[in-house]
Undergrad: 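Structure below; questions to follow.
Given the structure is predicted, the values throughout are model-derived calculations rather than measurements. Letters go in sequence order (proteins before strands), and every chain restarts at 1.
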There are 2 protein chains.
Amino acid sequence: MPDAADSAPMNAPSRRRFRREGEERRRQDLIEATLDSVAERGLQGATLRTIALRAGVTAGLIRHYFPGKEELLQEAYAALMGRMTEQAKAALAMEDASPRQRLAAFVTANLNVPIIDARVFSLWATFIGRAGADPSLARAHREGYLGFRNEVEAVVAEVLAAERREPDASQLRHHAIAINAIIDGLWIEGCLAGEMFSPGELAAIGIKTVEAELGLAPLKQFQEK
Amino acid sequence: MPDAADSAPMNAPSRRRFRREGEERRRQDLIEATLDSVAERGLQGATLRTIALRAGVTAGLIRHYFPGKEELLQEAYAALMGRMTEQAKAALAMEDASPRQRLAAFVTANLNVPIIDARVFSLWATFIGRAGADPSLARAHREGYLGFRNEVEAVVAEVLAAERREPDASQLRHHAIAINAIIDGLWIEGCLAGEMFSPGELAAIGIKTVEAELGLAPLKQFQEK
DNA sequence: GAGCTTGTTGCGCAAGTGTATAAATAGCCC
DNA sequence: GGGCTATTTATACACTTGCGCAACAAGCTC
């Protein structure tokens with residue numbers, strides 16, 4: 001029925017009701033809707049109309065807050081990266097803990113929810129797949145990666161110092177690269193096929209592997225039961 | 001000059017010249033053009049016209065070989081996965097070598113060109129990013145991953161047997177998961193930021209880390225100089 | 001409440017998309 | 001060489017896309 005009059009008294013074209021929101025709130029909602037759309041349908045499925053529908057607004061409004069779709073996607077990716085690295089580093093913030101405990105907590109945090117998450121992985125993969133062609137994406141990744149690796153390297157240095165070992169810079173770098181790879185690799189496995197692993201299994205494997213890499217004797221207290 | 005007559009005598013609308021190719025050859029070319037397009041511009045940029053242009057044909061021809069774009073993309077992904085796993089497993093085919101040497105060769109092969117490659121990584125990430133929403137992609141990955149991990153587990157079993165150690169099934173599984181993660185993680189680092197590592201450095205780190213995971217004493221012969 | 005600002009809608013547009021189909025021609029068979 | 005067939009081109013079509021723009025109204029100020 002093309003000429004339908006909605007439930008309102010049939011006179012005016014009856015525009016859609018709306019609420020004015022604060023700028024920051026709207027931008028946040030639009031970015032979140034963008035990430036949802038990309039995670040669910042990929043970059044090709046994330047159209048302005050889809051995003052707007054999800055955010056509860058009409059497509060035209062997006063242009064009021066972002067110069068274009070390109071910029072919206074860039075901001076969404078930046079927000080994603082920021083959240084990921086923030087969560088990851090948060091696990092290192094334990095003040096009163098031995099370096100060894102902080103390292104184990106770091107590994108554990110990175111190999112459990114919410115960091116192990118299919119949606120986040122989907123987003124990461126979708127965006128990172130464009131890094132080869134998009135220099136701004138590549139740079140964003142590089143910075144995030146190096147920041148992450150430097151954190152790892154710092155903790156490793158503390159751990160080894162506590163063991164009275166004195167690795168040189170090259171060894172430290174290699175340890176950081178290897179540990180970073182272990183976490184990344186297990187993270188991917190967990191995100192892609194989480195149900196193949198029992199709860200805590202990936203974290204336990206991660207800790208054991210990291211300890212083997214650093215040549216540490218196992219501690220009982222961090223092994224999952 | 002909009003009304004250009006090409007080098008031919010100016011009379012006919014002069015259709016584009018073409019050559020008939022064998023079916024297999026055309027399908028192959030179209031799949032390769034598809035992978036190139038996806039790697040360069042992502043799934044959204046891989047339009048039928050772009051793909052056809054790259055393959056040196058017109059867009060309509062694609063429908064003569066594939067039911068639709070969806071099927072073309074699926075076949076392209078299958079071809080990519082097949083190539084990746086084939087290359088990876090090839091390194092294990094050394095007949096006259098110790099298990100330990102084969103494991104090291106496997107790690108080395110997976111952490112050097114052509115497996116370390118920005119284009120392949122871009123393709124992998126782009127497709128795998130859709131795995132969360134596309135069950136057929138998820139299944140294809142799962143199978144590839146398990147096949148890969150089983151190969152790793154088999155070699156690990158041989159290596160440990162040669163050392164007269166007798167791991168149970170659970171330990172074997174954990175070793176395989178960990179080693180798989182190490183290779184995956186280093187692979188990503190190499191693909192995304194290859195120039196941050198000196199040639200052979202990633203392979204050397206990989207071998208050292210794997211040996212540490214398995215509790216093996218280092219061998220000199222596989223350390224890059 | 002009147003008036004004003006501006007966040008928000010609704011609609012139109014040109015470009016580009018995948019698909020459908022008719023017309024042409026390359027290359028094999030005789 | 002002449003026909004035949006099916007590969008290939010070319011064009012059309014319905015639809016979606018990002019973007020531009022004018023009208024509208026939500027909610028503040030007075």
Side-chain angles (χ1 to χ4, degrees), chain A residues 2-6 8-9 11-31 33-34 37-38 40-76 130, chain B residues 2-6 8-9 11-31 33-34 37-38 40-76 130:
Chain A
D3 195 15
D6 37 25
N11 41 11
S14 98
R15 231 165 199 249
R16 165 180 177 163
R17 296 273 204 73
F18 62 91
R19 263 191 357 124
R20 293 181 156 208
E21 291 284 357
E23 163 159 359
E24 215 42 53
R25 170 66 186 278
R26 272 277 190 258
R27 292 178 66 90
Q28 202 63 29
D29 285 351
L30 285 172
I31 286 177
T34 302
S37 297
V38 173
E40 221 173 78
R41 314 211 196 176
L43 278 176
Q44 44 180 352
T47 70
L48 290 184
R49 285 166 177 84
T50 298
I51 294 168
L53 181 67
R54 211 183 264 274
V57 297
T58 53
L61 184 60
I62 294 182
R63 289 273 328 224
H64 191 74
Y65 290 101
F66 301 91
K69 190 190 182 185
E70 184 83 14
E71 287 79 7
L72 172 59
L73 285 174
Q74 280 180 15
E75 286 211 32
R130 307 296 322 123
Chain B
D3 194 16
D6 38 22
N11 40 11
S14 99
R15 231 164 198 251
R16 166 180 177 162
R17 294 274 206 73
F18 63 90
R19 261 191 358 125
R20 294 182 154 205
E21 291 284 357
E23 162 160 359
E24 216 42 53
R25 170 68 187 276
R26 270 278 190 260
R27 292 177 66 90
Q28 203 63 29
D29 284 352
L30 285 172
I31 286 178
T34 302
S37 297
V38 173
E40 221 173 78
R41 314 209 196 177
L43 277 176
Q44 45 179 353
T47 71
L48 291 183
R49 286 166 177 84
T50 298
I51 294 168
L53 181 67
R54 212 185 263 276
V57 298
T58 54
L61 185 61
I62 293 181
R63 291 270 327 222
H64 195 260
Y65 289 102
F66 300 91
K69 190 190 181 184
E70 184 82 14
E71 288 79 5
L72 172 58
L73 284 174
Q74 280 180 15
E75 287 212 31
R130 305 298 323 121

Undergrad: Starting at NZ of A:Lys69 and ending at P of D:dT16, how long is that distance when rounded to a whole Å?
TA: 15 Å
Undergrad: Measure all distances between protein nitrogen or oxygen atoms and nitrogen or oxygen atoms of nucleotides 9-12 of chain D, and list the pairs falling under 3.5 Å.
TA:
from: D:dT9; atom 1: OP2; to: B:Thr58; atom 2: N; distance (Å): 3.0
from: D:dT9; atom 1: OP2; to: B:Thr58; atom 2: OG1; distance (Å): 2.8
from: D:dT9; atom 1: O5'; to: B:Thr58; atom 2: OG1; distance (Å): 3.3
from: D:dT9; atom 1: O2; to: B:Arg15; atom 2: NH1; distance (Å): 3.2
from: D:dT9; atom 1: O2; to: B:Arg15; atom 2: NH2; distance (Å): 2.6
from: D:dA10; atom 1: OP1; to: B:Arg16; atom 2: N; distance (Å): 2.8
from: D:dA10; atom 1: O4'; to: B:Arg15; atom 2: NH2; distance (Å): 3.4

Undergrad: With sequence neighbours left out, write down each residue that passes salt bridge (Lys or Arg N to Asp or Glu O under 4.0 Å) with A:Arg54, or none if nothing qualifies.
TA: A:Glu40
Undergrad: For A:Glu23 and C:dG7, what is the distance between atoms CD and C1' respectively, to the nearest whole Å?
TA: 10 Å
Undergrad: What integer distance in Å separates B:Leu43:CG from C:dG18:C1'?
TA: 15 Å
Undergrad: The criterion is salt bridge (Lys or Arg N to Asp or Glu O under 4.0 Å); which residues satisfy it with B:Glu23, sequence neighbours excluded?
TA: none
Undergrad: Counting any heavy atom closer than 4.0 Å, what does A:Glu21 reach on the DNA or RNA strands: base, sugar-phosphate only, or nothing?
TA: sugar-phosphate
Undergrad: Can you tell me if A:Arg26 has over 12 outside heavy atoms packed within less than 6.0 Å of its CZ?
TA: yes
Undergrad: Using a cut-off of 4.0 Å on non-hydrogen atoms, how would the nucleic acid contact of B:Leu48 be classed: base, sugar-phosphate, or nothing?
TA: base
Undergrad: Which is true for B:Phe66 with a 4.0 Å heavy-atom rule: it touches a base, it touches only sugar-phosphate, or it touches nothing?
TA: nothing
Undergrad: Please tell me which of the listed nucleotides, C:dA20, D:dT7, C:dT8, lies nearest to the side chain of B:Arg63?
TA: C:dA20
Undergrad: In whole Å, I'd like the distance from the CD atom of A:Gln44 to the C1' atom of C:dG16.
TA: 14 Å
Undergrad: Please give, in whole Å, the distance from D:dC19 P to A:Tyr65 OH?
TA: 18 Å
Undergrad: Provide, to the nearest angstrom, the distance between the CD atom belonging to B:Glu70 and the C1' atom belonging to C:dT19.
TA: 14 Å
Undergrad: Nearest whole angstrom, please: distance from the C1' of D:dA6 to the CZ of B:Arg19.
TA: 17 Å
Undergrad: Any idea which heavy atoms bring B:Ala76 and B:Thr34 closest together, and the distance?
TA: CB-CG2, 3.9 Å
Undergrad: What pairs of residues pass the side chain to side chain donor-acceptor pair (under 3.5 Å) test when at least one of them lies in residues 65-74 of chain B, not counting sequence neighbours?
TA: none
Undergrad: Using the test salt bridge (Lys or Arg N to Asp or Glu O under 4.0 Å), find all partners of A:Arg19 that sit at least two apart in sequence or belong to another chain.
TA: A:Glu21
Undergrad: Who passes side-chain hydrogen bond (donor to acceptor under 3.5 Å, both in side chains) against A:Arg25, sequence neighbours left out?
TA: A:Asp29
Undergrad: For the side chain of A:His64, counting heavy atoms from C-beta on, which of D:dG27, C:dT8, C:dT19 is nearest?
TA: C:dT8
Undergrad: Could you give the CG-to-C1' distance, from B:Leu53 to D:dT8, as a whole number of Å?
TA: 16 Å
